[in-house]
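Below is one structure, written out as C-alpha cells; the observations come after it.
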Amino acid sequence: MSINKLAVIDCRTIPKHKMEYKIIKPYKDLKPFIHFYWKLKGNKLERQWERVFPDGCAGVLMNLGNTCLTDNGSFSLEFGKTYVVGAMTSFKDSFIDSDTHLLGVCLKPATFANFYSYASQNELTNDTIEFEKSNSFNVDKIFNNPFDYLNQFFSDRIKAKHIPLQSVINDIHSTNGQISIHELSKRNFTTVRQLERNFKRFIGLSPKEYSNIIRFQNALSIIKKLDENRSFLDVAFECGYYDHSHLTNEIKRNTGLSPSQL
C-alpha cells in the first residue's frame, strides 16, 4: 500500500499534488466554531491511499461520489450519506479512487456541541459514524453551491455562542502543548479530574492527549521548514521532547512515518 505522505482529508495540512483539494473559510459568524470547509475529488489517472494525521478536531462529511473506503479500509462511505468523524489519536488512511468526491467540515475543538445534541465525544474517538437523517446534509441541495449550503446549514443550527473549554484550549495552543495538566487546571480554576471529564465529553480526548497532539503538530510544522543550520535534536528540545528518540517515536505514532519520510 503506497501512502502519499502529507495528503489529508479532514485536518489542516493541505495536499499539494494530484487530487483536487479545495478549502473554503466559513462565514465570519461561524469562524469561531469552524476551521474550514473542504472538497476532495479523486484523480482519473491515479488511485491512491491518503493519510490523515491527528489534529484534535472532529469533522462532518458527505460522500457525493462512489463508495469510499476510510478508517484504514475498515469502513465504507456511501453516496449521499453524512458522517461524523471523531477526534483521532493516531493516523488514518482512506482510499481515494478516480470517482471519489467528498465534501466536509473541519470543526474547531470542542465546538461539536454548538451544533449537535449528541453523546459524549469520547464515544466517537478514532471512529466514523453515519449520521441520522435529521443531522445529515441534503444531497439534492448541496450539489449546486456546496459552501453556501454549508454556511446556511451551520448558521441555522448553532445552539450557543459559548465554546466549552475555550480558555483551556487557548492555554494549550499558546504554549504549543508544553503545559502540564496541573498548571492547566490551576490557571482555569478547576480540578484535574473535572478537566479530564470535560475534555472527554467535548473533545473526545484527555487533556494530555490533546496537548501531545498540539505539540506534535508544532514539531511537524518546524520539521517541514527545517534548514541545515538546525538539528533534529534542536527541534526536539524546542518542542519539549526529552531527546531525538522521544520525538521520533511521537512522529511514528502519529503519522506511521519516520522523520525522514515527512
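The shown structure was predicted, so the numbers you read here are calculated from the model rather than taken from an experiment.
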Original post:
Does a side chain donor of either N66 or D97 reach within less than 3.5 Å of an acceptor in the other side chain?
Top reply: no

**OP:** Please report the closest heavy-atom contact between D148 and Y27, naming both atoms and the distance.
**Re:** OD1-OH, 4.0 Å

Subject >> Nearest non-hydrogen partners of D55 and I214, listed with the distance >> reply: O-CD1, 4.4 Å

Subject >> Heavy-atom side-chain contact between Y241 and R215 under 4.5 Å >> reply: yes

**OP:** Could you walk me through whether S120 and E123 pass the side chain to side chain donor-acceptor pair (under 3.5 Å) test, one step at a time?
**Re:** CA-CA 6 Å; S120 178; E123 295 185 19; 5.8 Å; no

Original post:
Are T190 and N188 close enough that a side-chain donor and a side-chain acceptor fall under 3.5 Å?
Top reply: no

Original post:
Between Y37 and N151, is a side chain to side chain donor-acceptor pair (under 3.5 Å) present by the stated rule, with each step listed?
Top reply: CA-CA 9 Å; Y37 308 126; N151 275 318; 2.9 Å; yes

Original post:
Is the cationic atom of R47 (NZ for Lys, CZ for Arg) positioned less than 6.0 Å from the six-membered ring centroid of F95 and within 45 degrees of its normal?
Top reply: no

Subject >> Those residues that, when tested against E183, pass side chain to side chain donor-acceptor pair (under 3.5 Å) (two or more places apart) >> reply: R187

Subject >> Candidate pair F216 and F53, rule side-chain contact (heavy atoms from CB on, under 4.5 Å), full reasoning >> reply: CA-CA 10 Å; F216 150 74; F53 302 158; 4.3 Å; yes

Original post:
Any side-chain donor-acceptor pair under 3.5 Å between N212 and E209?
Top reply: no

Original post:
What pairs meet the salt bridge (Lys or Arg N to Asp or Glu O under 4.0 Å) rule with one or both residues in residues 57-75, with sequence neighbours excluded?
Top reply: D71-K92

Original post:
Are F137 and F153 near enough that their ring centres are under 6.0 Å apart?
Top reply: yes

Subject >> Heavy atoms from other residues, nucleotides or ligands near NE2 of H182 exceed 12 (cutoff 6.0 Å) >> reply: no

Subject >> Pairs flagged by salt bridge (Lys or Arg N to Asp or Glu O under 4.0 Å) wherever residues 232-252 is involved - sequence neighbours left out >> reply: R230-E238, E250-R253

Original post:
How far apart are the closest heavy atoms of S206 and E196, and which atoms are they?
Top reply: CB-OE1, 3.6 Å

Original post:
Take atom CZ in R197; do more than 12 heavy atoms of anything else shown fall under 6.0 Å from it?
Top reply: yes

Original post:
Do Q152 and S155 get their side chains close enough for a donor-acceptor pair, meaning under 3.5 Å?
Top reply: no

**OP:** Name the orientation class of the two ring planes belonging to W38 and Y21 (parallel below 30°, tilted from 30 to 60°, perpendicular beyond 60°).
**Re:** parallel

Original post:
Where do Y116 and R157 come nearest, in terms of heavy atoms and distance?
Top reply: CD2-NH2, 3.4 Å

Subject >> Pair N63, Y83: side-chain N/O donor-acceptor within cut-off below 3.5 Å >> reply: no

Original post:
Got a sec: does the NZ of K39 have more than 12 other heavy atoms crowding it under 6.0 Å?
Top reply: yes

**OP:** Answer yes or no on whether R51 is positioned over the face of F91, meaning its NZ or CZ is under 6.0 Å from the six-membered ring centre and within 45° of the axis.
**Re:** yes

Subject >> Test item: L150 and L103 side chains (from C-beta on) under 4.5 Å apart, heavy atoms >> reply: yes

Original post:
Is there a side-chain contact between N43 and S98, using heavy atoms and a 4.5 Å cut-off?
Top reply: no

